[in-house]
Amino acid sequence: MWPLPPSRGGEAKMSSLPSCIFLLTSVALSFLPHPAMSSTVAIIRLPYGDDIIAETCQRCGENNHNVDYALCVASLSADPSSRDASLHGLALISAKLVQAGVEGMDSGIAALRAKEATQSTRWSCLNACMDVFRNAMADLDDAIAAIEDGRFTEAKTKMTATTDAPVTCNDEFKEQGLQPPMEGESRRLFQHAVISLAIISLL
């Protein structure tokens, strides 16, 4: 700031100027927000707030464009323990959702196979799918144990194999020119596996 010219009122008025400036500065500073409540922090937290599920699902979607954000939020929120869960806890919840989906596919495929003539083309495809989903169940047991123990690289490998299971089953039918069974459940299982794999990848 440029220096002010001397006041005509003499030196007494000049000497009071620094005190006035100091007082005005102190008053102005008292209205500034505390660092812990600064607007910068509020902006950083704005997209997620305190919702770990929304934050996790958004991060998963940013890292993997195959992740269905709405399904991610809805499926994780369905578990009452998810609101208080850590990222590690959400990984376990997501893996157990995949496990339930694989078990459902296996029982559904087994029921369909029981209605088919033994050794027919459709029976053979269903039988192959049962093998695929039973292998996936073993992989999921390993994946869940690996998540619990903090062996996240192994968990990712096992979950990747599970992600391929519904695709492999559908391919069995398509190669024979047949319509794959339980397509809605198959797509949902694939999505759940993709979401779980994305969450594990954040650990």
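Position 1 is the first residue of the sequence; numbering continues from there.
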Are [X] and [Y] packed together at the side-chain level, in the sense that at least one heavy-atom pair is separated by less than 4.5 angstrom?
X	Y	result
M105	P166	no
N170	S186	yes
L112	M182	yes
L90	L202	no

Scan residues 66-79 for pairs that pass side chain to side chain donor-acceptor pair (under 3.5 Å), counting only residues two or more places apart or in two chains.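 Of all non-adjacent pairs touching residues 66-79, those that pass side chain to side chain donor-acceptor pair (under 3.5 Å) are D79-S81.
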Do any pairs count as a side chain to side chain donor-acceptor pair (under 3.5 Å) and have a residue in residues 159-169, sequence neighbours left out, and if so which ones?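 Listed by first then second residue: nothing to list.
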CA sep, side-chain torsions, deciding dist, call: C57, C72, disulfide (SG to SG under 2.5 Å): CA-CA 6 Å; C57 291; C72 178; 2.0 Å; yes
Minimum heavy-atom separation for L178 to C125, with atom names?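 Heavy atoms of L178 and C125 come nearest at CD1-SG, 4.3 Å.
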Specify the closest pair of heavy atoms between I52 and A85, including all atoms of both residues, with the distance to one decimal.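 Looks like CD1-O, 3.3 Å.
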Table please: side-chain donor-acceptor pairs of residues 133-140 below 3.5 Å, with sequence neighbours left out.
from, atom 1, to, atom 2, distance (Å)
R134, NE, D106, OD1, 3.0
R134, NE, D106, OD2, 3.4
N135, ND2, D131, O, 3.3

Filter on salt bridge (Lys or Arg N to Asp or Glu O under 4.0 Å), then keep only pairs touching residues 181-203, sequence neighbours left out; what's left?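 Sorted result for residues 181-203: empty, none.
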Could you note down all residue pairs passing salt bridge (Lys or Arg N to Asp or Glu O under 4.0 Å) where residues 166-182 supplies at least one of them, sequence neighbours left out?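 Listed by first then second residue: nothing to list.
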Roughly how far, to the nearest 0.5 Å, is [atom2] of [Y] from [atom1] of [X]?
X	Y	atom1	atom2	answer
M130	N127	CE	CG	6.5 Å
F152	L203	CZ	CG	4.5 Å
I199	H88	CD1	NE2	12.0 Å
E62	N64	CD	CG	12.0 Å

Given the rule in the side chain to side chain contact (heavy atoms under 4.5 Å, CB included) test, do H192 and L71 qualify, once you have shown the distances and angles that lead to the verdict? CA-CA 8 Å; H192 278 151; L71 178 62; 3.9 Å; yes
Do the side chain of T56 and the main chain of I53 share a donor and acceptor less than 3.5 angstrom apart?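 Not at all, since once roles are kept as given, no pair shorter than 3.5 Å links the two residues.
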Main chain of A78, side chain of S82: is a donor-acceptor contact present, judged purely on distance under 3.5 Å?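 Checked: no pair found.
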My understanding is that only residues two or more places apart in sequence, or in another chain, count here; which of them pass salt bridge (Lys or Arg N to Asp or Glu O under 4.0 Å) with D149?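 For D149, the residues satisfying salt bridge (Lys or Arg N to Asp or Glu O under 4.0 Å) (neighbours in sequence not counted) are R151.
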Quick one: salt bridge (Lys or Arg N to Asp or Glu O under 4.0 Å) partners of E148, sequence neighbours excluded?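 Salt bridge (Lys or Arg N to Asp or Glu O under 4.0 Å) list for E148, sorted by chain: empty.
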Honestly curious: do L92 and L197 fall in one hydrophobic cluster under the side-chain, below-4.5 Å linking rule?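 Yes, same cluster.
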Sort and list the pairs that fulfil disulfide bond (SG atoms under 2.5 Å apart) and have at least one residue in residues 171-203, not counting sequence neighbours.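 Output for this query is empty, none listed.
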Which residue pairs pass the disulfide bond (SG atoms under 2.5 Å apart) test with at least one member in residues 162-203, sequence neighbours excluded?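 Qualifying pairs: C129-C169.
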Who pairs with [X] by side-chain contact (heavy atoms from CB on, under 4.5 Å), at least two apart in sequence or on another chain?
X	value
E116	S120, R122, W123, L126
D141	Q99
A95	I144, I147, M159, S196

